[in-house]
> 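Before I ask anything, here is the structure I am working with.
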2 protein chains.
Amino acid sequence: MLAHTIEKQSAERVARRGTRDNPPARSGVMAKLMLGVPIKFGAGAEIYGEGEPVEYVYEVVQGTVRTIKVLSDGRRKIGGFYFAGDIFGLEEGRDHTLSAEAITDSSVRVIKRRALIKMAGYDRELAQQLLAVTSREIARVHNHALMLIETAQERVSSFLLEMAERISVGDLIVLPMSRQDIADYLGVTIETVSRTFTILENTAAIALPNSRAVVLRDRAALRQ
Amino acid sequence: MLAHTIEKQSAERVARRGTRDNPPARSGVMAKLMLGVPIKFGAGAEIYGEGEPVEYVYEVVQGTVRTIKVLSDGRRKIGGFYFAGDIFGLEEGRDHTLSAEAITDSSVRVIKRRALIKMAGYDRELAQQLLAVTSREIARVHNHALMLIETAQERVSSFLLEMAERISVGDLIVLPMSRQDIADYLGVTIETVSRTFTILENTAAIALPNSRAVVLRDRAALRQ
DNA sequence: CGAAACATTGACAACTTTCAATTGCCGTGG
DNA sequence: CCACGGCAATTGAAAGTTGTCAATGTTTCG
């Protein structure tokens with residue numbers, strides 16, 4: 001099933017379509033507290049849609065999720081990538097300003113936002129964790145915003161360093177997302193991403209065993 | 001006193017240099033709860049510096065504040081502008097990743113972060129307000145990130161629309177920040193900002209009575 | 001194996017930056 | 001009060017970067 005062919009459907013409907021999961025090994029804030037129901041989403045499935053009311057908070061148990069916004073002229077922007085243990089759906093206001101989709105087959109914990117906030121009212125530790133998670137999200141988005149002020153090559157390098165911190169195994173990064181996803185996250189075209197990868201490979205900063213794998217050869221060069 | 005001639009000094013030192021304020025008329029979250037001590041900062045003064053420990057949370061009572069980051073090569077990025085009633089300094093981690101400066105002469109309420117979080121543990125309403133403020137900050141930064149993926153003209157238009165929402169009086173926006181500040185916020189050069197303003201003026205979308213004032217003539221055109 | 005989607009590469013156009021010069025604004029001092 | 005100096009803003013021309021369009025190569029999966 002391909003992302004671009006998925007028709008929009010409400011989070012409720014998708015949630016219903018999802019299947020219950022066994023308790024996962026991964027531990028995030030919600031998992032630790034045994035909160036939320038684990039639900040599976042196939043690659044490309046929409047978890048919630050832009051403009052829908054904010055009802056739930058989500059935690060990735062397994063897989064990768066992206067938040068996206070489609071502009072009126074068809075351009076697509078990716079707000080962020082979320083991996084196992086990450087919380088997403090933390091938005092203010094009544095409605096979501098972005099939609100969320102599973103990039104790969106994913107398992108996601110879902111909990112009612114109201115319930116979580118209510119619980120936080122009684123549980124001081126939970127409240128502080130919630131604040132910490134939210135602050136971390138601010139830092140992440142801030143960082144994202146700052147990297148968009150850089151040149152294409154710097155953006156790609158920053159992206160690789162971010163992925164290195166979040167999902168690398170040693171010097172190997174296996175990218176779950178397509179070039180188009182990377183491009184939309186960095187605010188450049190896929191051609192620019194591709195060209196930049198090639199340049200970084202030619203300057204020995206990275207190696208590209210295949211299009212989804214990146215080996216970091218010279219992190220200092222990526223940091224400039 | 002000019003911004004660029006101010007030498008860096010710690011938040012503590014600046015805070016000590018600041019003078020106590022009379023209780024202000026403006027009301028934000030902290031003011032409502034009569035939290036924090038109002039302190040004055042002169043135009044260009046540093047409120048806290050990048051790399052300093054996160055100890056306080058701030059609320060603008062009067063004036064305008066910018067958060068900035070200076071890169072190793074001297075480029076400067078502005079994370080956000082904060083006007084009366086806005087909260088800033090909400091960052092995660094031990095140290096600030098950005099510094100904050102008063103753009104104009106400003107008065108700022110300061111409260112110990114720890115104290116605020118501790119209080120939020122006892123006061124459910126405060127906890128929820130804190131969460132709401134934090135979520136709003138995420139939305140603002142998200143919006144900033146999204147606007148950085150656009151063309152220069154779209155960025156400038158988005159900037160004007162953002163200022164229109166936040167500080168306009170009718171169709172008039174009096175910008176407290178310089179072209180350089182705007183440029184650093186939008187990730188373009190001052191020349192591009194200037195040229196774009198001229199284009200918008202020539203297409204009758206705005207009028208420029210002087211360099212710090214913008215009159216919105218055609219909001220629809222700015223939205224495209 | 002072959003079709004479809006994804007990724008890379010090339011050539012050219014468009015946009016933005018860079019460098020340079022000019023204009024406008026405002027405070028200070030004659 | 002006006003002239004001057006200094007800084008911010010605007011404008012112009014040339015260079016550089018990124019986007020667009022197009023062709024080719026690669027991977028995936030029925």
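Proteins get letters first, then strands, A, B, ... in listed order; numbering begins at 1 in each.
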> Are the side chain of Ser157(B) and the backbone N or O of Gln153(B) linked by a donor-acceptor pair below 3.5 Å?
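Flag set: sc Ser157(B) to bb Gln153(B) pair under 3.5 Å.
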> Whole angstrom is fine here: how far is it from CZ in Arg179(B) over to P in dC25(C)?
12 Å
> Please work out which residues in residues 213-224 of chain B have a non-hydrogen atom less than 4.0 Å from an atom of DNA chain C and list them by number.
none
> Quick one: which residue pairs count as a ring-ring contact (aromatic ring centres under 6.0 Å, His included) with a foot in residues 61-81 of chain A, not counting sequence neighbours?
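ring-ring contact (aromatic ring centres under 6.0 Å, His included) check on residues 61-81 of chain A returns Phe81(A)-Tyr185(A).
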> Who are the salt bridge (charged side-chain N to carboxylate O under 4.0 Å, His left out) partners of Arg219(A), not counting sequence neighbours?
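Checked Arg219(A) against salt bridge (charged side-chain N to carboxylate O under 4.0 Å, His left out); matches are Asp171(A).
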> Look at the side chain of Lys69(B) and the backbone N and O of Thr97(B), then say whether any donor-acceptor pair between them is shorter than 3.5 Å.
yes
> Go through the side-chain N and O atoms of Ser158(B) and Glu150(B) and say whether any donor and acceptor fall under 3.5 Å apart.
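Yes, side-chain donor-acceptor contact under 3.5 Å.
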> Tell me which pairs pass side-chain hydrogen bond (donor to acceptor under 3.5 Å, both in side chains) where either residue lies in residues 196-205 of chain B, with sequence neighbours left out.
none
> Report the C-alpha separation of Asp86(A) and Arg166(A) in whole Å, then their side-chain angles, then the decisive distance to 0.1 Å, and conclude whether the salt bridge (Lys or Arg N to Asp or Glu O under 4.0 Å) test is met.
CA-CA 10 Å; Asp86(A) 293 341; Arg166(A) 297 176 67 187; 2.8 Å; yes
> Salt bridge between Glu55(A) and Arg113(A), side-chain N to carboxylate O under 4.0 Å?
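No.
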> Considering residues at least two apart in sequence or located in another chain, which fulfil the ring pair (Phe, Tyr, Trp, His ring centres under 6.0 Å) criterion with Phe197(B)?
none
> Without decimals, in angstroms, what is the distance between Asn202(A) CG and dT8(C) P?
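It works out to 12 Å between those atoms.
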> For Glu201(B) and dT10(D), give me the distance from atom CD to atom C1', rounded to whole Å.
11 Å
> If you restrict it to nitrogen or oxygen atoms, what contacts under 3.5 Å exist between nucleotides 21-24 of chain C and the protein, and what is each distance?
none

> Please report, rounded to the nearest Å, how far the P atom of dA8(D) is from the CG atom of Asp181(B).
11 Å
> Not counting sequence neighbours, which residues clear salt bridge (charged side-chain N to carboxylate O under 4.0 Å, His left out) with Asp181(B)? List them please.
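Expected list: Arg66(B), Arg76(B).
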> Flag the pair Glu191(A) and Arg195(A) as a salt bridge only when some basic side-chain nitrogen lies within less than 4.0 angstrom of an acidic carboxylate oxygen.
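No salt bridge links Glu191(A) with Arg195(A).
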> Applying side chain to side chain contact (heavy atoms under 4.5 Å, CB included), run through Arg94(B) and Glu52(B) and close with a yes or a no.
CA-CA 8 Å; Arg94(B) 256 194 52 242; Glu52(B) 289 177 10; over 6 Å; no
> Counting just side-chain N and O atoms, does Arg212(A) come under 4.0 Å of either OP1 or OP2 of dC6(C)?
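For dC6(C), OP1/OP2 do not have a side-chain N/O of Arg212(A) under 4.0 Å.
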> Is it true that a side-chain atom of Arg179(A) and a backbone atom of Ser211(A) form a donor plus acceptor pair closer than 3.5 Å?
yes
> Just to verify, what does Arg155(B) make a salt bridge (charged side-chain N to carboxylate O under 4.0 Å, His left out) with, not counting sequence neighbours?
none
> For nucleotides 26-30 of chain D, which of its nitrogen or oxygen atoms have a protein nitrogen or oxygen under 3.5 Å away, and what is each distance?
none

> Can any side-chain N or O of Ser168(A) pair as donor or acceptor with the backbone N or O of Ile173(A) at less than 3.5 Å?
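No: the side chain of Ser168(A) does not pair with the backbone of Ile173(A).
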> Could you state the CZ-P distance from Arg155(B) to dT17(C), rounded to the nearest angstrom?
7 Å
> Can you check whether Tyr58(A) and Tyr82(A) have ring centres sitting under 6.0 Å from each other?
no
> Which of residues 182-199 of chain B have a heavy atom under 4.0 Å from DNA chain C?
Gly187(B), Val188(B), Thr189(B), Glu191(B), Thr192(B), Arg195(B)
> Using a strict heavy-atom distance below 4.0 Å, which residues from residues 141-154 of chain B are in contact with DNA chain C?
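When residues 141-154 of chain B is checked for heavy atoms under 4.0 Å from DNA chain C, the hits, listed by number, are Thr151(B), Ala152(B).
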> Could you work out how much the helix from dC1(C)-dG30(D) to dG30(C)-dC1(D) bends, comparing the axis of its first five pairs with that of its last five, to 10°?
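Answer for the end axes of this duplex: 30°.
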> Whether the Thr151(A) and Glu154(A) side chains hold a donor-acceptor pair (N or O, under 3.5 Å, no angle test) is what I'd like checked.
yes
> Does any N or O in the side chain of Thr67(B) come within less than 3.5 Å of the main-chain N or O of Gly80(B), such that one atom is a donor and the other an acceptor?
yes
